[in-house]
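Report on the structure given below.
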There are 2 protein chains.
Amino acid sequence: MKKLIGTGPVLSPLPLLVIGTYDNEERANVMTAAWGGICCSTPPCVAFSVRETRYTYENLLQTEEFTINIPSSSFVNEADYFGIVSGRNTDKPTTCGLTVKPAPDVHAPMIEEFPLVLECRMIKTVPLGSHLQVIGEIAGILADEDILDENGEPVPGLMDPILYDPRGKKYYRIGEEIGEAFTSGKKFQTVVYQL
Amino acid sequence: MKKLIGTGPVLSPLPLLVIGTYDNEERANVMTAAWGGICCSTPPCVAFSVRETRYTYENLLQTEEFTINIPSSSFVNEADYFGIVSGRNTDKPTTCGLTVKPAPDVHAPMIEEFPLVLECRMIKTVPLGSHLQVIGEIAGILADEDILDENGEPVPGLMDPILYDPRGKKYYRIGEEIGEAFTSGKKFQTVVYQL
């Protein structure tokens with residue numbers, strides 16, 4: 001028997017994203033977002049939601065390009081800080097001692113210390129209420145060599161991303177591997193065939 | 001120095017969602033989706049993406065209501081199976097021995113064995129390419145009592161949700177807690193104030 005526990009923006013855990021944009025003076029801004037994820041395979045698209053009052057949104061209206069930077073768990077304090085203060089009056093990455101570089105293929109900054117960066121071009125915005133959803137096509141994926149396996153693929157355990165639980169307002173690491181997609185479920189197909 | 005590893009729908013890890021809908025004969029269908037997440041705080045909204053050829057989308061065009069069911073890691077095989085076969089010719093939950101019940105507040109089925117269920121009303125669709133994004137307002141959150149703490153809040157470690165890495169096509173569990181949102185980052189604010 002399930003219990004109704006109200007409503008709210010609750011789904012857990014969510015990937016923690018750090019959005020990078022340039023303002024009109026070419027100053028780098030970064031903002032943490034947890035409302036976001038992949039939304040299309042072809043073209044590959046990512047979505048994140050932002051309040052329209054945020055500096056990041058003001059920047060996006062001009063540049064229409066951004067990065068999504070994935071911090072490792074060792075940067076949990078930095079990632080949290082990027083969601084607490086505004087880039088209007090704070091140089092957030094410098095305050096934390098992080099290195100900002102221009103992304104090679106989009107007009108947006110990226111954080112060198114974070115192991116994975118998506119280069120994105122805004123293709124659509126969807127107003128929803130308190131937040132506006134920004135949808136971007138993923139133009140390129142940049143990865144630190146030390147998170148790649150022998151086939152050049154990023155390994156989640158090496159990337160060590162941060163997960164967010166919005167109801168409890170806590171951050172988590174990724175845990176153990178438990179199955180393989182499009183494979184683990186085949187045991188039920190076998191049952192059907194045997195009947 | 002970062003290495004360009006191409007492009008693609010890559011962000012990791014993502015929450016694994018099982019979408020519940022009724023077809024026009026009131027048969028319950030469930031479909032696994034990993035392209036999705038929270039997209040607005042007020043009203044609380046969730047998004048997931050679906051190919052327009054999917055049975056779930058056909059159902060949604062008629063009912064405009066759905067559930068998002070969050071499986072525990074012990075149901076990884078079932079959740080994977082729900083993404084392998086189509087509900088057009090398979091009663092997926094029954095094949096796996098799972099219990100389907102009508103959700104109390106929306107016209108959609110829910111899986112009793114899964115610890116958390118979001119009841120959703122479709123408010124918008126966003127065509128993007130291979131996938132169409134479905135945006136739903138969260139009408140209610142239903143939780144098993146044994147995943148709630150003493151304040152009635154769901155505990156991620158007890159819910160034990162499944163995470164998905166799309167590049168490696170692997171499933172993971174959630175790991176250890178590493179920080180508190182809007183708190184962990186305050187150390188950098190203190191530095192600023194001391195200067």
Side-chain angles (χ1 to χ4, degrees), chain A residues 2-5 7-15 35-45 49 73 76-77 80-81 84 95-96 126 128-131 133 138 140-145 152-154 156 165 167 169-182 184-185 187-188, chain B residues 2-5 7-15 35-45 49 73 76-77 80-81 84 95-96 126 128-131 133 138 140-145 152-154 156 165 167 169-182 184-185 187-188:
Chain A
K2 286 189 162 49
K3 186 179 172 185
L4 182 69
I5 57 166
T7 184
V10 173
L11 197 67
S12 175
L14 301 166
W35 298 170
I38 295 292
C39 58
C40 190
S41 299
T42 313
C45 293
S49 293
S73 72
V76 66
N77 294 335
D80 187 55
Y81 174 70
I84 291 179
T95 302
C96 297
V126 185
L128 291 170
S130 61
H131 289 70
Q133 189 181 223
I138 304 170
I141 305 167
L142 298 159
D144 283 348
E145 302 239 15
E153 295 295 329
D165 171 46
R167 189 96 176 192
K169 294 188 170 42
K170 297 274 172 63
Y171 299 115
Y172 293 83
R173 293 178 69 183
I174 191 171
E176 63 189 298
E177 186 185 316
I178 53 167
E180 202 168 339
F182 312 110
S184 298
K187 58 176 281 191
F188 295 109
Chain B
K2 286 188 163 49
K3 186 178 171 186
L4 182 68
I5 57 166
T7 183
V10 171
L11 197 68
S12 175
L14 301 166
W35 297 170
I38 295 291
C39 58
C40 189
S41 299
T42 312
C45 292
S49 292
S73 72
V76 67
N77 294 335
D80 187 56
Y81 175 69
I84 291 177
T95 302
C96 297
V126 185
L128 291 169
S130 62
H131 288 70
Q133 193 186 42
I138 304 172
I141 305 167
L142 298 158
D144 284 347
E145 301 238 16
E153 295 295 330
D165 171 47
R167 189 95 176 193
K169 296 190 169 43
K170 297 276 172 61
Y171 299 116
Y172 293 84
R173 292 178 71 185
I174 190 170
E176 64 189 298
E177 187 185 316
I178 52 166
E180 201 168 339
F182 311 112
S184 298
K187 60 175 281 193
F188 295 109

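First the proteins, then the strands, lettered A, B, ... as listed; each starts at 1.
- Annotation: maximal heavy-atom pairing with chain B below 4.5 Å, among A:Gly8, A:Ser73, A:Pro154, occurs at A:Gly8.
- Within the 4.5 Å cutoff, side-chain heavy atoms of B:Trp35 are placed close to those of A:Ser41.
- Proximity of B:Ser12 to A:Pro15: side-chain heavy atoms (C-beta onward) are nowhere separated by under 4.5 Å.
- With a threshold of 4.5 angstrom between heavy atoms, B:Glu176 approaches chain A through its backbone and through its side chain.
- No donor-acceptor pair closer than 3.5 Å links the side chain of A:Asn77 to the backbone N or O of B:Gly185.
- Using a 4.5 Å cut-off between heavy atoms, B:Asp165 touches chain A through its side chain atoms alone.
- B:Val10 and A:Ile138 make their closest contact through N-CD1, 4.3 Å (heavy atoms, listed as atom of the first residue, atom of the second, distance).
- Contact annotation for A:Ile84: only side-chain heavy atoms (C-beta onward) come within less than 4.5 Å of a heavy atom of chain B.
- Nearest heavy-atom pair, B:Ile174 versus A:Pro13, reported as atom, atom and distance to 0.1 Å: CD1-CG, 3.8 Å.
- When all heavy atoms of B:Phe182 and A:Tyr171 are compared, the pair lying nearest together is N-OH, 4.4 Å.
- Counting heavy-atom pairs closer than 4.5 Å to chain B, the top-ranked of the candidates A:Cys96, A:Ser130, A:Pro44, A:Ser49 is A:Ser130.
- If you tally non-hydrogen atom pairs under 4.5 Å between each of B:Gly37, B:Ala143, B:Gly129, B:Gly140 and chain A, the highest count goes to B:Ala143.
- Taken from CD in B:Glu145 to NZ in A:Lys2, the straight-line distance is 11.0 Å, to the nearest 0.5 Å.
- Per-residue counts of heavy-atom pairs under 4.5 Å with chain B were compared for A:Leu14, A:Val76, A:Thr7, A:Asp144; the largest is that of A:Thr7.
- Scanning both residues, B:Gln133 and A:Cys39, for their nearest heavy atoms gives NE2-CB, 3.8 Å.
- Only the side chain of A:Val126 comes within less than 4.5 Å of a heavy atom of chain B; its backbone N, CA, C and O stay farther away.
- Here the closest non-hydrogen pair linking B:Asp80 and A:Glu180 is OD2-O, 3.7 Å.
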